[in-house]
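Step one of this worksheet: look at the structure below.
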Protein chains: 2
Amino acid sequence: MRAVKKSSANRSTVSNRGSRPPTKTALPDRARTRAPRASRLEKEALIVAEAEQQFARFGFEGVSLDTIAAELGMSRQNILYYYSSKEELYTAVLDSVLANWLGNMDTLARENDPRTAIEKYVHAKLRFSQERPSGSAVFTREIMAGAPRYGEQLAQNVVPMLRADVRTFERWARMGLIARVDFTHLMFVIWSSTQAYADLGTQFAMYLDKRALSDADFEAARALLTELVWTSLRK
Amino acid sequence: MRAVKKSSANRSTVSNRGSRPPTKTALPDRARTRAPRASRLEKEALIVAEAEQQFARFGFEGVSLDTIAAELGMSRQNILYYYSSKEELYTAVLDSVLANWLGNMDTLARENDPRTAIEKYVHAKLRFSQERPSGSAVFTREIMAGAPRYGEQLAQNVVPMLRADVRTFERWARMGLIARVDFTHLMFVIWSSTQAYADLGTQFAMYLDKRALSDADFEAARALLTELVWTSLRK
DNA sequence: GTCTATAAGCGGATAGAC
DNA sequence: GTCTATCCGCTTATAGAC
């Protein structure tokens with residue numbers, strides 16, 4: 001197999017700042033009551049947020065510390081003061097997304113009623129896609145690349161969740177609450193389609209002749225997907 | 001917005017039908033009089049095939065001409081002899097995938113019976129994901145990046161196909177052949193989930209504790225997705 | 001904490017020999 | 001067609017001044 005090459009790419013192609021996030025507002029009055037510790041965390045959060053946006057669109061190799069720094073009005077050396085390497089910043093982004101994710105995504109087993117469980121699950125997953133599309137996209141890119149930098153964490157955190165959800169479906173089927181279909185592939189469909197509303201959101205919007213997906217679009221997606229899944233499971 | 005460079009459509013690498021490198025046709029009696037033209041096309045096909053693999057995993061910026069050349073046992077300068085820039089090679093890859101795609105994907109309207117149409121459509125889309133996963137992934141990455149280099153072609157070739165399919169659904173609904181749901185989002189679900197079996201195939205396989213998805217896995221996906229869609233449309 | 005300077009290497013692309 | 005040589009910009013990262 002080929003070795004994963006080192007990162008270093010000509011950035012001339014990434015000059016497009018078309019749909020960039022709104023220019024980050026500089027730190028609001030950093031007047032005198034500046035707790036040193038809070039300040040650091042605050043700045044790290046800004047860096048991670050900007051890095052998330054860029055990694056989402058261009059992937060690890062497609063982003064340079066310079067472009068991240070430029071967008072934040074700081075120097076690349078300054079970023080390296082907070083994160084000692086590009087890869088460390090990258091994993092910090094993924095850590096941040098994963099934490100937010102695990103904190104907000106309940107498993108199916110939280111609910112006893114299958115219908116309610118599915119409704120809530122699809123809703124939560126789509127909400128994540130809507131509220132943090134970049135976070136979703138960074139994960140998708142990492143997975144598409146073969147998870148070279150975050151495979152361990154994925155295997156330990158995400159896969160077990162999926163397995164638990166499949167087991168929950170199977171339990172419900174044994175209890176006669178739902179019809180028996182291939183629950184693993186059902187999860188694949190639910191995951192990939194909800195994820196797509198984050199990763200391919202701009203493309204979906206373009207198809208719909210709008211600049212970005214609206215609440216109504218996400219509501220339509222939620223309604224349809226819930227309907228699709230539940231109709232096939234209803235006994 | 002970024003200017004989309006012209007793609008070298010004249011340099012058609014479309015002849016590479018299958019997923020992998022070209023089969024040498026070599027008519028025995030013609031062995032002496034080697035046509036230089038065929039030789040060139042053959043080599044271009046090899047380059048495009050390797051580039052497709054790498055762009056699929058690492059994206060445009062994540063790949064260097066050096067790594068592509070190394071895998072083929074040639075020099076990066078030699079690649080530049082066939083494709084005068086990295087971007088030209090990249091668009092040649094997308095041209096090749098798109099041609100293969102348009103040639104094999106029928107629209108829904110090809111069939112008169114909705115059920116049959118959906119079955120064939122899902123089947124064809126999944127088959128493409130199975131047979132040319134890298135091609136799918138290159139497109140997904142391009143779209144996730146905001147289609148900076150192939151947006152024009154996407155808008156002209158893919159979007160119209162999707163719109164036509166949605167109109168077909170609507171016609172069937174007016175004819176009373178299927179129930180009325182949100183057909184646009186239905187297409188989003190069909191596209192994203194079938195696409196995922198290419199883009200996230202290795203991850204799905206990992207979840208299933210195997211090295212790669214098998215025919216049986218694709219068959220299970222086909223059966224489930226067809227069932228999901230059709231059940232929700234059956235009147 | 002933030003800066004300047006610099007190391008050390010990879011990137012795409014061109015020119016020209018053979 | 002393929003190679004060597006070369007240009008030059010960009011990249012990550014370190015060292016050290018302030």
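Naming: A, B, ... by sequence-line order, numbering from 1 per chain.
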Seminar exercise, completed: Taken to the nearest whole Å, CG/B:Leu46 to C1'/D:dT2 is 16 Å
For this session: Identify whether any heavy atom of A:Leu80 sits under 4.0 Å from a base atom; if not, whether one sits that close to sugar-phosphate; answer base, sugar-phosphate or nothing.
Result: base
Seminar exercise, completed: Taking C:dG11, D:dT12, C:dA13 as options, the one with an atom nearest any side-chain atom of B:Arg76 is C:dA13
Exercise. Under 6.0 Å between the ring centres of B:Phe218 and A:His185?
Worked result: no
Problem set entry | Interatomic distance, B:Ile79 CD1 vs D:dC3 C1' [rounded to whole Å] | 14 Å
Exercise. Starting at CG of A:Leu72 and ending at C1' of C:dG1, how long is that distance when rounded to a whole Å?
Worked result: 16 Å
Seminar exercise, completed: Atom OH of A:Tyr83 and atom P of C:dG1 are separated, to the nearest Å, by 13 Å
Exercise. Just checking, A:Arg141 and A:Phe55: is the charged tip under 6.0 Å from the six-membered ring centre and within 45° of the axis?
Worked result: no
Exercise. Between C:dT2 and A:Tyr81, is there an OP1 or OP2 to side-chain N/O distance shorter than 4.0 Å?
Worked result: no
Exercise. Expressed in angstrom and rounded to an integer, what is the separation of A:Tyr90 atom OH from D:dA13 atom C1'?
Worked result: 20 Å
Exercise. For the pair made of CD in B:Glu61 and P in D:dG9, what is the distance, rounded to whole Å?
Worked result: 20 Å
For this session: Using a cut-off of strictly less than 4.0 Å, decide whether B:Lys86 has a side-chain nitrogen or oxygen near OP1 or OP2 of C:dC10.
Result: no
For this session: Mark yes or no: A:Lys86 above the aromatic ring of A:Phe60, with NZ or CZ under 6.0 Å from the six-membered ring centre and no more than 45 degrees from the axis.
Result: yes
For this session: Using the closest heavy atom to pick a nucleotide of DNA chain D for each, name whichever of A:Asp66 or A:Gln77 lands nearer the 5' end.
Result: A:Asp66
Exercise. Tell me, which pairs form a side chain to side chain donor-acceptor pair (under 3.5 Å) where one or both residues lie in residues 202-212 of chain B, sequence neighbours left out?
Worked result: B:Lys210-B:Asp217
Exercise. Mapping A:Ser75 and B:Leu65 to their closest nucleotides on DNA chain C, which lands nearer the 5' end?
Worked result: A:Ser75
Exercise. So what does A:Tyr82 touch, heavy atoms closer than 4.0 Å: a base, only the sugar-phosphate, or nothing?
Worked result: sugar-phosphate
Exercise. Quick one: is A:Asn78 getting a side-chain N or O under 4.0 Å of the C:dG1 phosphate, OP1 or OP2?
Worked result: no
Problem set entry | B:Arg40 to B:Tyr81, cation-pi by 6.0 Å centre distance and 45° axis angle | yes
